[in-house]
A.B. asks: 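For reference, the structure I am asking about is given below.
These numbers come from a predicted model, not from an experiment.
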There are 2 protein chains.
Amino acid sequence: MTLHERIRQDFEARILSGELAPGERLPTEQALMAHYGCARMTVNKALSALAVAGLVERRKKAGSFVARPRLHSMVLDIPDLAQQLTASGRRHAFRLTGRRLRPAAVADAGLVAQARRLLQLEGVHQADGLPFALEQRLISAEAVPAALEADFEAQPPGSWLLAHVPWTEAETRILAVGASEAEAAALAVPAGTPCLCVERRTWRLGEGITFVRQLFPGDSYDMVARFGPAPRG
Amino acid sequence: MTLHERIRQDFEARILSGELAPGERLPTEQALMAHYGCARMTVNKALSALAVAGLVERRKKAGSFVARPRLHSMVLDIPDLAQQLTASGRRHAFRLTGRRLRPAAVADAGLVAQARRLLQLEGVHQADGLPFALEQRLISAEAVPAALEADFEAQPPGSWLLAHVPWTEAETRILAVGASEAEAAALAVPAGTPCLCVERRTWRLGEGITFVRQLFPGDSYDMVARFGPAPRG
DNA sequence: CCGCCTTTTTTGTATATACATTATCGAAAA
DNA sequence: TTTTCGATAATGTATATACAAAAAAGGCGG
């Protein structure tokens, strides 16, 4: 293990263990460079890394302080459906049940910004032949002209877009809804079945690319978010 | 703006704009140091920062490459219920409906690791006097002895724990369920109402602190996760 | 006692240098 | 042709040094 990595881990451990409380000041670079017998740049690198990781806050002249922990953000794993299913040994298929190209309405502006024509897709994800999730999607014909030619049964829209269109921003909304009659029929569940509804909007430099609404019946799917110590590096 | 910051932003912009495609190789440190007329350490700092931000991948001898965008992680905002409600002008209250101290069963080990006695709480979050969310919680009596004395109506368990117990790991699971008879009654909604169910386990250095299960009826609540360009540093 | 200026401490940035590490490429050997 | 092995090119780490910037601390005069 390298020296600046070791210094970093030393303090990471002491902070996470609570030995160094939030707000507490930690030694100056001078003191640390004497303690570890190294150059100031080395200490600096370790402390700077802790700062970008959010574990400490550094202020000129004042010193370095243990940061207050922030609960308010966690990393949410958003798996690719096809990839996740095949990884667990099941066969994934996407059946397209609707496809049309239409002009964008005023109400669509909040979903796919700046689009004038929208490719509207509807389909069902199947796992081993059984319906698994319902997908409704809008794709901006201006932002992704190639989508008009794509075969979305060979590759589901999500995977296709991921491979063909770089995006810079995304927002995901998660809520619970009951399945409507039509949705329930497509998913082969009773009407009103509680479903996890995932809505995602994606942008590229401010221009809307796609909006997708996925419906997962009840217990067939859940999302997991984790938070742990920052990865080493 | 400092030089290494400028170099970093230059490439961040070129990557996000798509000018530099994923997988594409970017100039060597030698080339950049000639281009910007600076020392290699300065270029190194910029590229290293891009690497920790996940925008580029660096391999010895091979060079630096634009990283493939990862859809698989987004930042999930996990709001503090009380804080969020009061911020939006509504009055928050927590009504404790059940509280008992009991020995941990075998089945609890997956929820609160290493706990021998568990403080089991049940209560309802209210917004402006109306039931808003149901909360069931287990707290390890060993990890958080002070919880036995706490007044959880003055400060809800979530806020109290946040203020009193530092944690190092957390995992959140989100799924959709229908409200049971008892749950529906407590929330004043019809039985079977689709609810967003948030389950969170929290650890401190491997020792389980708490497990919580929150139930939000239907459309009263949703979660939002965002992904955007890495913050400047 | 308050406000302003100077000093000093501490972090931030940049450079030149040296050596370590390691994946890749190409040449030599089997 | 295939394997092996070394040269090489690229990043990774560490050091000593210099100066800049900012903010706290202290002193000084009003």
Side-chain angles (χ1 to χ4, degrees), chain A residues 1-15 20-68 70 229-233, chain B residues 1-15 20-70 230-233:
Chain A
M1 184 183 307
T2 65
L3 184 49
H4 78 262
E5 230 172 357
R6 193 188 135 210
I7 300 177
R8 180 188 160 165
Q9 289 203 357
D10 277 3
F11 280 93
E12 189 173 306
R14 292 173 66 185
I15 289 171
L20 290 171
E24 190 165 342
R25 177 173 175 180
L26 35 96
T28 68
E29 294 189 346
Q30 291 292 340
L32 288 176
M33 121 191 206
H35 179 270
Y36 285 96
C38 66
R40 189 170 76 93
M41 284 295 293
T42 307
V43 173
N44 188 308
K45 185 164 189 173
L47 293 190
S48 299
L50 286 175
V52 301
L55 276 172
V56 308
E57 182 190 350
R58 312 195 74 193
R59 291 203 310 275
K60 285 178 183 170
K61 161 69 184 179
S64 305
F65 301 85
V66 180
R68 307 259 189 267
R70 350 176 349 200
R232 308 296 186 271
Chain B
M1 183 183 307
T2 66
L3 183 50
H4 78 264
E5 231 172 357
R6 193 186 135 210
I7 300 177
R8 181 189 158 163
Q9 288 203 356
D10 277 4
F11 280 92
E12 189 173 306
R14 292 174 66 185
I15 290 171
L20 290 171
E24 191 166 340
R25 178 174 173 179
L26 36 96
T28 68
E29 295 189 346
Q30 292 290 341
L32 288 176
M33 115 191 213
H35 179 272
Y36 286 95
C38 65
R40 190 170 76 92
M41 283 295 292
T42 307
V43 173
N44 187 312
K45 187 164 188 175
L47 293 189
S48 299
L50 286 176
V52 301
L55 276 173
V56 309
E57 183 190 349
R58 313 194 75 191
R59 293 204 310 276
K60 283 177 185 171
K61 160 72 182 177
S64 305
F65 302 85
V66 179
R68 306 255 189 278
R70 336 170 7 193
R232 308 294 185 272

A.B. asks: What is the separation between atom CD on A:Gln30 and atom P on C:dT11, rounded to the nearest whole Å?
C.D. replies: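 Interatomic distance, CD of A:Gln30 to P of C:dT11: 8 Å.
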
A.B. asks: Is any side-chain heavy atom of A:Phe11 less than 4.5 Å from a side-chain heavy atom of A:Val56?
C.D. replies: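 Side-chain contact under 4.5 Å: no.
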
A.B. asks: Quick check on C:dT10: is either OP1 or OP2 less than 4.0 Å from any side-chain nitrogen or oxygen of A:Ser64?
C.D. replies: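 Result: no.
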
A.B. asks: Is any side-chain heavy atom of A:His35 closer than 4.5 Å to one of A:Ile7?
C.D. replies: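 Sidechains of A:His35 and A:Ile7: no contact.
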
A.B. asks: Less than 4.0 angstrom between a side-chain N/O of A:Thr42 and OP1 or OP2 of D:dT15, yes or no?
C.D. replies: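 For D:dT15, OP1/OP2 do have a side-chain N/O of A:Thr42 under 4.0 Å.
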
A.B. asks: Taking only the side-chain heavy atoms of B:Ala62 (C-beta and beyond), determine which of D:dA24, D:dA10, C:dT24 contains the nearest atom.
C.D. replies: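 Output: C:dT24.
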
A.B. asks: Please determine, for the side chain of A:Asn44, which listed nucleotide (D:dA14, D:dG12, C:dG12) has the closest atom?
C.D. replies: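 Minimum distance to the A:Asn44 side chain belongs to C:dG12.
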
A.B. asks: Determine: side-chain N/O of B:Arg58 to OP1/OP2 of D:dA10, distance under 4.0 Å, yes or no.
C.D. replies: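 Answer is no, no contact under 4.0 Å.
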
A.B. asks: On DNA chain C, nearest-nucleotide positions of A:Gly63 versus A:Met41: which is more 5'?
C.D. replies: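 By nearest-heavy-atom nucleotide position, the 5'-most residue is A:Gly63.
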
A.B. asks: Give a yes/no on whether any side-chain N or O of A:Arg40 is located under 4.0 angstrom from OP1 or OP2 of D:dA14.
C.D. replies: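 Negative; the distance criterion is not met.
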
A.B. asks: Quick check: do A:Ser64 and A:Glu29 have side-chain heavy atoms less than 4.5 Å from each other?
C.D. replies: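 No, their side chains stay 4.5 Å or more apart.
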
A.B. asks: Mind calculating the distance between NZ (B:Lys60) and P (C:dC25) to the nearest angstrom?
C.D. replies: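 Going from B:Lys60 (NZ) to C:dC25 (P), I get 17 Å.
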
A.B. asks: Taking the side chain of B:Thr28 as its heavy atoms from C-beta onward, which of D:dA16, D:dT11, C:dA14 lies nearest to it?
C.D. replies: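 In terms of side-chain proximity for B:Thr28, the closest of D:dA16, D:dT11, C:dA14 is D:dT11.
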
A.B. asks: Are any of B:Lys61's side-chain N or O atoms less than 4.0 Å away from OP1 or OP2 of D:dT8?
C.D. replies: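 Answer no for this pair, as no side-chain N or O of B:Lys61 is under 4.0 Å from OP1 or OP2.
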
A.B. asks: Does D:dT13 have OP1 or OP2 sitting under 4.0 Å from an N or O in the side chain of A:Lys45?
C.D. replies: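 A:Lys45 to D:dT13 OP1/OP2: side-chain N or O found under 4.0 Å.
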
A.B. asks: Rounded to whole Å, how long is the line connecting atom CE of A:Met1 with atom C1' of D:dA14?
C.D. replies: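 Rounding to the nearest Å, CE of A:Met1 and C1' of D:dA14 are 17 Å apart.
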
A.B. asks: Is there a donor-acceptor pair under 3.5 Å between the side chain of B:Arg25 and the backbone N or O of B:Ala62?
C.D. replies: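 Yes, because the side chain of B:Arg25 sits within donor-acceptor range (under 3.5 Å) of the backbone of B:Ala62.
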
